[in-house]
J.: 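Supplied in structure tokens, the structure appears directly below.
Below, chains carry the letters A, B, ... as their sequence lines are ordered, and counting in each starts from 1.
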2 protein chains.
Amino acid sequence: MALKRNLTLKSENMSKWYTQVIQQAKLADYSPVKGCMVFRPNGYGIWENIQKSYQKLLDKMEVKNAYFPIFIPMSFLEKEADHVEGFAPELAIVTHAGGEELAEKLAIRPTSETIMYDMYSKWVQSHRDLPIKINQWNNVVRWEKRTSFFLRTTEFLWQEAHSAHADKQEAIDLMYEALESYRKIAEEILAIPVVKGKKSESEKFAGAEITTTIEAMMPDGKALQSGTSHHLGQNFSKKDAFNISFQNSEGQTEYTYQNSWGLSTRIIGAIIMTHGDDDGIVMPPKIAPTQVIVVAASQDDDIVRKTNEIKKQLIKADIRTSVDTSDQTSLGWKLNDAELTGIPITLIVGKRELESGNLTASIRFTKTKQKISLDNLVSNLTNLLDTIQANMFNKAVEKTNELRFSAETYDEFKKIMLENRGFIKAFWCENKACEKAIKEETKATTRCLPFLFNQESAKSPKYKEESGTCIKCGSKATHRWLFAQAY
Amino acid sequence: MALKRNLTLKSENMSKWYTQVIQQAKLADYSPVKGCMVFRPNGYGIWENIQKSYQKLLDKMEVKNAYFPIFIPMSFLEKEADHVEGFAPELAIVTHAGGEELAEKLAIRPTSETIMYDMYSKWVQSHRDLPIKINQWNNVVRWEKRTSFFLRTTEFLWQEAHSAHADKQEAIDLMYEALESYRKIAEEILAIPVVKGKKSESEKFAGAEITTTIEAMMPDGKALQSGTSHHLGQNFSKKDAFNISFQNSEGQTEYTYQNSWGLSTRIIGAIIMTHGDDDGIVMPPKIAPTQVIVVAASQDDDIVRKTNEIKKQLIKADIRTSVDTSDQTSLGWKLNDAELTGIPITLIVGKRELESGNLTASIRFTKTKQKISLDNLVSNLTNLLDTIQANMFNKAVEKTNELRFSAETYDEFKKIMLENRGFIKAFWCENKACEKAIKEETKATTRCLPFLFNQESAKSPKYKEESGTCIKCGSKATHRWLFAQAY
């Protein structure tokens with residue numbers, strides 16, 4: 001069927017498949033502005049569901065939503081040295097507005113630390129004003145030379161949360177809690193297995209003291225950094241930066257400890273690559289904009305009526321349902337379309353089905369059909385959706401496990417990277433020169449130092465201490481880092 | 001109490017009160033970027049509730065959400081002559097990005113007609129591809145010289161929906177349906193009475209064939225345009241604009257008929273002005289971020305436990321509830337704070353209340369207290385919230401009615417405008433010269449030609465036909481238009 005719709009096979013060329021399937025399933029389209037994409041309703045609907053899922057976790061963390069200006073005065077960016085160095089090459093700059101040249105040029109936000117923290121310094125006076133925990137759902141711009149749908153675009157959508165605390169440990173605890181919230185979204189909602197860990201010095205966020213990350217492994221053996229949670233220490237709060245100071249309970253002046261964390265539309269790319277197959281998109285039920293599509297097998301009045309009835313019943317039970325009763329396309333075309341866009345379950349309502357009291361359910365993930373009784377339809381479907389979700393995650397875990405390696409020598413490392421790519425665990429001395437050389441020679445970067453227990457939501461994760469030698473230089477190394485080529 | 005918190009009285013100087021109350025109640029703050037504001041959680045929460053309410057109406061109209069780039073090539077804006085003329089003076093322009101000067105300058109979207117319709121022309125081939133109904137929740141930028149919180153800011157948040165149709169009448173019907181959806185939000189959710197009508201030629205949206213509007217009257221006698229719904233005809237679809245053409249069922253090429261409609265964060269200003277009083281904000285229950293705050297009268301364990309129990313109970317019943325059990329501020333301070341931020345109901349939980357089984361409820365709108373039994377607490381509160389909502393709307397209608405006038409002569413018109421402002425109904429010949437002269441001499445503009453039946457959701461509204469003479473030039477006039485000074 002894939003050939004019929006002129007879709008490159010995922011198994012043959014994932015990158016070509018990826019670009020094609022996104023356009024054919026109407027998730028996104030190229031825009032006339034270089035590097036920017038259009039999120040079409042089928043793609044934006046995924047983001048809306050991610051927002052709803054993640055909003056619940058933000059609420060639990062008592063983070064409040066707010067909105068700050070998109071414009072950042074250039075002088076603000078320069079207040080934190082690493083921060084401006086990291087973002088300067090990617091900025092889009094407004095020089096003229098309202099028919100006049102601006103006295104101070106404005107950057108379009110690449111991230112909002114600086115504009116938010118300028119306000120925080122105004123709002124924070126006393127320890128009673130802390131903690132501040134604010135999130136924004138917004139658009140940001142980072143000028144990119146090479147772009148790819150969802151994975152890397154000049155403008156993208158994300159959430160960025162920013163907290164300020166009186167106590168350093170309280171901030172660090174929240175950083176790990178936020179990272180765990182990302183693991184939950186990835187694994188429990190998107191059915192994408194991830195590795196939690198911390199970034200090396202050179203891979204840290206520009207301005208952070210600690211950067212933690214969730215890393216996903218794509219079927220082509222390349223890793224996708226899927227969400228990061230940073231502890232910024234006092235880098236932005238100190239006097240010569242944004243001067244966010246407060247009187248502690250003893251009346252002394254202190255500077256706040258801060259975090260930021262962000263999850264972007266890039267993770268939609270991970271959903272597509274992880275679960276898609278030669279026939280198109282495969283959506284995990286928990287994130288699918290449409291979970292069930294009810295298709296009328298003909299334009300017969302009874303059938304159309306029953307189709308709409310079923311839709312109403314399912315929507316009432318909070319199953320995201322659409323119908324297709326149109327006479328514009330054939331049944332075959334409709335099923336093809338549901339398959340391409342990856343709707344988890346397609347229910348066909350025909351004459352035979354109505355007579356027998358059993359509907360035919362096509363399950364996108366397994367490409368199997370099964371009968372579903374009209375009695376207890378809601379609970380049957382709910383169970384089926386749950387089973388699909390669980391099995392999709394399990395399959396993704398299996399596939400990812402096939403791409404997890406460890407290497408004891410640099411030759412072994414290079415061989416694996418050449419033949420399979422994937423995650424490679426290897427001793428590294430934590431010296432930047434070795435990290436850089438490995439990158440230049442193998443295109444692999446340090447993805448993270450994995451936490452000892454991945455599911456660990458404990459506040460202070462541990463790292464496995466071992467005694468070894470750096471695969472690159474042979475000097476003493478105490479940790480095995482996770483390396484991979486990355487998107 | 002108002003003096004205590006150093007708030008200008010609304011009854012004495014609404015404009016000063018407005019700026020102060022927004023900052024004191026932490027709805028918004030000035031940003032370091034001229035003309036831009038920061039939406040703080042208390043203010044952004046109002047917008048989130050407007051979004052939730054309006055999203056339901058968009059769903060009913062079968063409008064899908066999507067996202068288009070924030071950047072618009074300058075050449076796009078120039079494709080519709082009136083459109084570029086209308087927006088050119090307000091544009092913010094990106095000239096440099098990624099360290100280089102751009103070949104084509106990019107405008108930050110002031111509205112998205114052009115970038116969206118360029119995509120529509122790609123997506124529409126056949127009548128089967130129509131209608132397209134797409135909405136965006138996004139940020140837009142219009143450079144403003146004089147700004148005011150919510151009412152007029154350089155960057156603001158809104159929804160903009162854009163439809164394309166094969167049939168002109170279908171498009172016009174949807175324009176009226178969209179306008180009616182705005183009336184519902186204003187009157188039924190925000191408790192703000194509005195007048196529905198159509199704009200004069202000179203007050204139309206830049207590029208529209210017909211602009212319809214909802215106009216609200218503020219307590220200071222100035223009108224606030226609160227939402228507009230446009231029929232664009234084929235202005236954007238024709239060949240020399242965006243060329244959105246399709247094969248009709250007879251195989252002939254036609255151009256689409258289009259609409260756009262938008263509702264912005266400016267309407268938050270209308271909520272504040274319409275309902276606020278000398279003591280601060282008064283939030284209508286249906287839009288209030290917090291509907292009920294439960295305040296512990298002391299730090300006694302039993303009281304704190306009961307306070308949290310009540311919160312849980314109310315949240316479970318979908319009443320937006322917060323608690324204040326902190327030991328950082330006094331009970332008086334807590335009540336003051338709930339009053340300033342306009343939370344509809346404050347419940348106080350103290351020792352006496354627990355013993356008697358009756359809580360004290362302070363109602364913000366009426367400034368009265370009443371006992372509420374702990375038995376049937378949820379249904380009691382739900383009823384009370386509904387009553388408050390209804391009474392707030394009724395009071396707003398009454399106040400607005402006091403500001404509705406009609407004038408038979410220009411002298412009368414000028415006198416009313418000088419003494420009361422408000423809405424004035426008056427005959428106008430529909431000649432631009434008279435409209436302009438009236439504006440120059442009285443600062444009053446034509447707000448709209450009101451529909452004969454305001455609540456009318458009928459697809460083709462009627463206008464009252466009368467025989468009269470223009471108040472300005474004395475020539476024949478057939479309609480009484482609504483004039484007002486406007487925000």
Side-chain angles (χ1 to χ4, degrees), chain A residues 26 29 31-33 35-45 47-48 64-73 76 88-100 102 105-106 108 115-116 118-119 122-123 128 134 136 138-139 141-145 153-155 157 265 326 328-329, chain B residues 26 29 31-33 35-45 47-48 64-73 76 88-100 102 105-106 108 115-116 118-119 122-123 128 134 136 138-139 141-145 153-155 157 265 326 328-329:
Chain A
K26 299 185 180 171
D29 205 345
S31 91
V33 180
C36 290
M37 61 177 269
V38 174
F39 293 74
R40 301 187 71 173
N42 289 352
Y44 192 76
W47 183 237
E48 286 182 298
K64 300 275 185 191
N65 287 333
Y67 187 79
F68 292 74
I70 189 173
F71 297 118
I72 300 188
F76 276 45
E90 300 178 352
L91 296 177
I93 317 264
V94 175
T95 55
H96 293 72
E100 288 169 14
L102 296 175
K105 291 174 187 169
L106 299 172
I108 311 287
I115 189 100
M116 289 175 73
D118 181 68
M119 299 306 298
K122 196 172 157 184
W123 297 337
R128 287 193 193 87
I134 290 181
Q136 292 196 73
N138 63 18
N139 54 339
V141 170
R142 299 178 187 176
W143 217 258
E144 296 282 357
K145 291 243 184 314
T153 51
T154 285
E155 182 187 17
L157 306 177
T265 41
S326 90
Q328 301 272 4
T329 54
Chain B
K26 298 185 180 171
D29 205 344
S31 90
V33 180
C36 290
M37 61 177 267
V38 174
F39 293 75
R40 300 186 72 173
N42 288 352
Y44 192 76
W47 184 237
E48 286 183 298
K64 300 274 187 191
N65 288 334
Y67 188 78
F68 292 73
I70 191 174
F71 297 118
I72 301 188
F76 276 43
E90 300 176 354
L91 296 177
I93 316 266
V94 175
T95 55
H96 292 72
E100 286 170 16
L102 296 175
K105 291 173 186 169
L106 299 172
I108 311 288
I115 189 100
M116 289 176 73
D118 181 70
M119 299 307 297
K122 194 172 159 187
W123 296 337
R128 285 193 196 88
I134 290 182
Q136 293 195 73
N138 64 19
N139 55 338
V141 170
R142 299 178 187 175
W143 217 258
E144 299 281 357
K145 291 241 182 317
T153 51
T154 285
E155 183 188 16
L157 306 177
T265 40
S326 89
Q328 301 271 3
T329 54

J.: Listed by chain and number, what are the salt bridge (Lys or Arg N to Asp or Glu O under 4.0 Å) partners of A/K122, not counting sequence neighbours?
T.: B/D29

J.: Highest number of heavy-atom pairs under 4.5 Å with chain A: which of B/A66, B/G35, B/S31, B/P73?
T.: B/A66

J.: When rounded to the nearest 0.5 angstrom, what distance separates CZ in B/F39 from CD in A/Q136?
T.: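 B/F39 atom CZ to A/Q136 atom CD measures 11.0 Å (nearest 0.5 Å).
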
J.: Does some side-chain heavy atom of B/H96 sit less than 4.5 Å from a side-chain heavy atom of A/W143?
T.: no

J.: Measure distances from B/M116 to the heavy atoms of chain A and classify the residue's part below 4.5 Å as side chain, backbone, both or neither.
T.: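 For B/M116, neither part sits under 4.5 Å from chain A.
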
J.: Heavy-atom distance under 4.5 Å between the side chains of B/I108 and A/I108, does that happen here?
T.: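 With C-beta onward as the side chain, the pair touches.
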
J.: Which one wins on heavy-atom pair count under 4.5 Å against chain B: A/A97, A/G45, A/A88?
T.: A/A97

J.: With heavy-atom distances below 4.5 Å as the criterion, would you say the side chains of B/I134 and A/Y44 are in contact?
T.: no

J.: My understanding is that only residues two or more places apart in sequence, or in another chain, count here; which of them pass side chain to side chain contact (heavy atoms under 4.5 Å, CB included) with A/P32?
T.: B/F76, B/I115, B/D118, B/M119

J.: A/L91, A/N65, A/N42, A/I72: which one forms the most heavy-atom pairs within less than 4.5 Å of chain B?
T.: A/N65

J.: With a 4.5 Å limit on heavy-atom distance, are the side chains of B/F71 and A/V141 in contact?
T.: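 Result yes, sub-4.5 Å side-chain heavy-atom pair found.
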
J.: Does any part of the side chain of B/N139, heavy atoms only, come nearer than 4.5 Å to the side chain of A/N139, both counted from C-beta?
T.: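 The answer is yes; the side chains approach within 4.5 Å.
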
J.: If we only count heavy atoms from C-beta on, is the A/V38 to B/W123 side-chain gap below 4.5 Å?
T.: yes

J.: Please round to the nearest 0.5 Å and tell me the distance separating atom NZ of A/K145 and atom CD of B/E100.
T.: 4.5 Å

J.: With rounding to the nearest 0.5 Å, note down the distance linking OG1 in A/T154 to CD1 in B/I70.
T.: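 Reported to 0.5 Å precision, the distance equals 12.5 Å.
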
J.: What option among A/P69, A/C36, A/G43 has the most heavy-atom pairs under 4.5 Å with chain B?
T.: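 Most heavy-atom pairs under 4.5 Å with chain B: A/P69.
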
